[in-house]
Amino acid sequence: GESVGLHLPTLSVQEGDNSIINCAYSNSASDYFIWYKQESGKGPQFIIDIRSNMDKRQGQRVTVLLNKTVKHLSLQIAATQPGDSAVYFCAENNAGNMLTFGGGTRLMVKP
Amino acid sequence: GAGVSQSPSNKVTEKGKDVELRCDPISGHTALYWYRQSLGQGLEFLIYFQGNSAPDKSGLPSDRFSAERTGGSVSTLTIQRTQQEDSAVYLCASSPDRVNGYTFGSGTRLTVV
């Protein structure tokens, strides 16, 4: 079936470096994508979203890139901080009623 | 309220018992979702409520699982005759629209012993 997956289950970066978290999706009909951050003991928190008519969207220290040709989504975090340590999920919507989530990537920031 | 509220935050129950998990969505949000997150896993869709429409129950794993949403607001997820494989974090989310502005609660961690 259609699914959303991630390339790297764990990513370890040095504080101050940039982080890139990747996600592959297989449903070409998906038109809306979201990145969520989940800290221990908390629910997922919205970070940034992007629609399929865009290939890049920037927020505060975060950028989401969408490559529809290869069905790839990435989240870039600039100047990674210890507070960025969490599990990051990508999610897709294909005009249905719910989001389909990937398996998550754990980001560990070393001081 | 200011956010999505779930209770209890933790629940330990004996195998075979029934449990009820509660979700208080953000006021005015018409859409409400339940997801399950097993340890180290992604989010598994369970059920979706939209306004007064019939809920989408396509994600419920068995007939032991059911959910209600009363008055278009508070929702209760009930698991009957709990099994050890039901142990997980149960997350509720609400949104003002179909999928835009999804806001999650902190979840209920269910442990079946």
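In what follows, every chain begins at residue 1, and chains take the letters A, B, ... in the order their sequences are listed.
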Whatever's closer than 4.5 Å to a heavy atom in chain A on Gln37(B) counts as side chain

Is the gap between the ring centers of Phe45(B) and Phe101(A) under 6.0 Å?
-> no

Contact class of Leu43(B) relative to chain A, heavy atoms under 4.5 angstrom = both

Please name the pair of heavy atoms, one in Arg36(B) and one in Tyr90(B), separated by the smallest distance, quoted to 0.1 Å.
-> CD-OH, 3.3 Å

Measure distances from Gln45(A) to the heavy atoms of chain B and classify the residue's part below 4.5 Å as side chain, backbone, both or neither.
-> neither

Kindly state whether the ring of Tyr25(A) and the ring of Phe33(A) have centres lying under 6.0 angstrom apart.
-> yes

Atom CG of Asn53(A): over 12 foreign heavy atoms under 6.0 Å = yes

